[in-house]
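Below is one structure; the comments refer to it alone.
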Amino acid sequence: MEIKTDFLVLGSGIAGLSFAVKASALGDVAVVTKKEQFESNTNYAQGGIAAVHDKADRYEYHIKDTLECGGGLCHEDVVKFVVTEGPARTEELIQWGVEFTKAKNNDSSMYDLGQEGGHSMRRVLHAKDLTGREIERALMEKAATVNNIKIYENFFAIDLICKSTLFPDKKISPDQCLGAYAYDANRHEVHVFRAKFIILATGGAGKVYLITTNPDIATGDGIAMAYRAGAQISNMEFFQFHPTCLYHPEAKSFLISEAVRGEGGILKLKGGETFMEKYHPMKSLAPRDVVAKAIDTELKRTGDEYVLLDITHRDRDFLTNRFPHIYEKCLEFDIDITKDPIPVVPAAHYLCGGVRVNSFGETNIDRLFACGEVSCTGLHGANRLASNSLLEALVFSHRVYTKIAQQFADIKCEDIFIHSWDPHGATESDDSVVVSHNWDEIRRCMWNYVGIVRSNKRLERAQRRIDIILQEIDEYYRNFIITRDLLELRNIAIVAKLIIECAKRRKESRGLHYNIDYPHRNDEDWRQDTIITKDTI
Ligand code: FAD
Ligand code: SIN
């Protein structure tokens with residue numbers, strides 16, 4: 001089947017849905033999302049959205065905090081417009097029905113503003129500790145009121161369709177995106193989506209690491225698709241590890257928000273000694289890269305499996321009211337956060353790199369835009385400031401919309417013949433252990449060799465292994481009928497390769513990238529983004 005639309009939006013998190021709501025004023029929108037529509041990183045966001053709302057706060061302070069956190073690689077122009085456009089975008093969310101927690105007895109802001117690592121002020125709008133769920137709820141409800149948004153759940157975007165893929169023998173420059181192939185996982189059919197504009201909003205890639213705060217959808221599909229299509233990919237070496245993921249054998253990827261440290265939570269070793277004073281003057285509220293690296297160092301030094309996050313000194317009513325979700329979740333594992341320190345470990349959390357875009361979300365492929373975690377905008381540089389991600393997604397989805405609105409009336413949907421999906425005589429696999437084995441091997445390999453602390457030797461090892469796995473996957477992909485697991489495996493393997501490649505190229509340590517063979521920051525040679533394409537690897 002071929003589905004023709006004005007806008008093809010891949011992903012239904014904050015970036016995809018906020019764009020879809022706006023674009024529906026211009027034309028028809030198809031939102032393709034690989035699971036249920038709420039299932040996204042957005043849905044699990046806890047801390048909130050950073051934006052200047054307090055009377056005592058200033059744009060300059062938020063800009064300064066973002067730049068300091070970004071280790072010299074943020075694009076200053078981008079930081080300035082994201083911060084200054086932020087309040088208008090969060091106001092829009094409020095108009096669409098998002099209910100942020102209100103302040104009690106505080107006349108300098110209507111809202112209760114959270115504090116997180118690296119911020120010099122309280123400036124994080126939140127809905128208790130379930131901010132993402134509240135945003136996702138409001139956006140889904142808003143999208144449901146609009147007639148010309150159609151959401152395709154359980155449709156998995158496989159590959160972008162570009163002019164150069166249809167005419168491989170012609171030199172097409174710049175290339176142009178025409179749509180995407182998407183696999184309907186319920187009916188086991190592949191459809192062609194043809195659109196005037198294609199917006200990648202497929203989110204991050206935490207699942208490339210063994211331990212992650214991310215849900216299962218975060219397999220870097222958009223980055224892998226864009227890379228295969230010839231898009232520029234940037235700064236993949238900067239993978240952010242969140243310092244505090246709940247450590248419990250049965251707790252799958254549960255984040256303990258940085259806001260807990262913002263409200264006074266203190267990191268301690270198992271024996272109760274504090275340690276962050278050795279690493280940063282802001283102690284437990286230092287920027288994330290510093291805290292995650294400090295915990296990693298302490299765990300390696302002591303041989304312990306976790307450190308503790310202690311907030312038991314705060315009042316019980318305050319804790320159960322401010323962090324109801326964290327309180328309830330920890331109780332399921334017999335941890336009462338009002339009485340017990342919480343065992344935590346660092347976990348892969350956020351990809352600062354991604355599909356390289358300009359300040360209107362345009363990629364180097366015509367009609368292909370990217371916004372949200374899939375993109376690399378220049379905002380985060382070498383390390384993202386807490387709660388700047390939801391903000392970035394909102395500001396950029398709006399900018400993509402404004403750019404497209406200027407061109408929309410003049411653009412036609414190309415009627416070039418697009419052939420339907422060709423399964424190349426593939427048969428049902430009788431050996432799916434290959435898929436599960438390789439999934440596991442990639443994630444372990446990335447965790448052990450391309451984690452918080454890297455070395456040349458470890459990166460070489462990782463590269464050799466991932467190259468072999470990629471060959472195996474390629475063969476498997478050509479011979480067997482596609483499944484979701486296989487499509488995701490193919491994508492995480494590519495994302496792993498891109499992270500390793502960028503990490504190998506950067507011969508210094510900066511922000512989230514720490515290599516013991518080049519332990520210092522080198523501004524003279526490396527104050528620049530890493531940029532790769534499939535032709536330059
Ligand atoms: P997502 O919200 O991840 O949405 C991606 C969408 O794309 C999903 O619908 C997914 O199913 C779909 N998709 C992916 N691949 C395909 C495919 N092949 N075909 C079809 N659909 C596809 N940031 C903050 O600023 N503040 C916070 O407090 C905060 N807390 C966080 C807590 C947790 C536990 C996590 C994991 C992240 C947190 N972050 C936070 C980061 C932030 O949530 C994400 O960066 C942001 O939500 C990304 O939004 P997005 O729309 O780009 O992607
Ligand atoms: C958190 O609540 O700690 C996550 C915030 C973020 O990732 O920005």
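Small disclaimer: the values here were computed from a predicted structure and weren't measured. Note that ligands are numbered from 1 as they come in the structure, with each ligand's atoms numbered from 1 the same way.
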Taking every heavy atom of Val32 against every heavy atom of Phe155, the minimum-distance pair comes out as CG1-O, 3.4 Å
Indicate the atoms forming the closest heavy-atom contact of Trp96 with Lys142, along with that distance.
CD1-CE, 3.7 Å
Return the residue, atom name and 0.1 Å-rounded distance of the protein heavy atom closest to [atom].
atom: atom 11 (O) of ligand 1; value: Glu39 O, 3.4 Å
atom: atom 34 (C) of ligand 1; value: Tyr44 O, 3.5 Å
atom: atom 7 (O) of ligand 1; value: Gly11 CA, 3.1 Å
atom: atom 18 (N) of ligand 1; value: Asp221 OD2, 2.9 Å
atom: atom 42 (C) of ligand 1; value: Ser389 OG, 3.6 Å
atom: atom 51 (O) of ligand 1; value: Ala15 N, 3.0 Å
atom: atom 27 (C) of ligand 1; value: Gly48 O, 3.6 Å
atom: atom 35 (C) of ligand 1; value: His349 CE1, 3.5 Å

With a 4.0 Å heavy-atom cut-off (strictly under), which part of [X] contacts ligand 1: side chain, backbone, both or neither?
X: Ala45; result: both
X: Ala50; result: neither
X: Glu258; result: neither
X: Tyr350; result: side chain
X: Thr42; result: both
X: Asn388; result: backbone

Could you walk me through whether Arg187 and Asp184 pass the salt bridge (Lys or Arg N to Asp or Glu O under 4.0 Å) test, one step at a time?
CA-CA 6 Å; Arg187 293 191 186 76; Asp184 174 349; 3.0 Å; yes
Taking only Lys NZ, Arg NE, NH1 and NH2, and the carboxylate oxygens of Asp or Glu, determine whether Arg133 and Glu136 approach each other closer than 4.0 Å.
no
Does a salt bridge link Arg322 with Asp129, judged by any charged N lying under 4.0 Å from a carboxylate O?
no
Under 3.5 Å, is there a donor-acceptor pair linking the side chains of [X] and [Y]?
X: Asn388; Y: Glu392; result: no
X: Glu153; Y: Thr33; result: no
X: Thr90; Y: His53; result: yes
X: His126; Y: Gln46; result: no
X: Thr219; Y: Asp221; result: yes
X: His325; Y: Lys128; result: no

Tell me if the aromatic rings of Tyr306 and Tyr247 count as close, with their centers under 6.0 Å from one another.
yes
Closest heavy-atom approach to atom 1 (P) of ligand 1 among Ile151, Leu10, Asn41 is made by Asn41
Sort out for me which residue in Leu200, Ile223, Val357, Leu351 forms a side chain to side chain contact (heavy atoms under 4.5 Å, CB included) with Ser375.
Val357
N or O pair under 3.5 Å between [X] and ligand 1:
X: Leu390; result: yes
X: Ile14; result: yes
X: Ala157; result: yes
X: Lys34; result: yes
X: Lys35; result: no
X: Gln37; result: no

Would you call the rings of [X] and [Y] parallel, tilted or perpendicular, where under 30° means parallel and over 60° means perpendicular?
X: Phe81; Y: Phe396; result: tilted
X: Phe193; Y: His191; result: perpendicular
X: His119; Y: His62; result: tilted
X: Phe19; Y: Tyr401; result: perpendicular

Is there a heavy atom in [X] that sits closer than 4.0 Å to ligand 1?
X: His242; answer: no
X: Thr131; answer: no
X: Gly132; answer: no
X: Phe38; answer: no
X: Gln240; answer: no

By number and element, which atoms of ligand 1 are closer than 4.0 Å to a non-hydrogen atom of [X]?
X: Phe155; answer: 19 (N), 20 (C)
X: Asn214; answer: 36 (C)
X: Phe156; answer: 18 (N), 19 (N)
X: Arg384; answer: 23 (N), 24 (C), 25 (O)
X: Thr213; answer: 34 (C), 36 (C)
X: Ile217; answer: 3 (O), 10 (C), 11 (O)

Counting only heavy atoms not in Glu332 (residues, nucleotides, ligands), do more than 12 fall under 6.0 Å from its CD?
yes
Check this for me: Lys35, atom NZ, are more than 12 non-hydrogen atoms of other residues, nucleotides or ligands nearer than 6.0 Å?
yes
Applying a heavy-atom distance cut-off of 4.0 Å, which protein residues contact ligand 2?
Gln46, Gly47, Glu116, His242, Leu255, Ser257, Glu258, Arg288, His349, Arg384, Ala386, Ser387
Among all residues two or more places apart in sequence or in another chain, which pass the ring-ring contact (aromatic ring centres under 6.0 Å, His included) test with Phe333?
His248
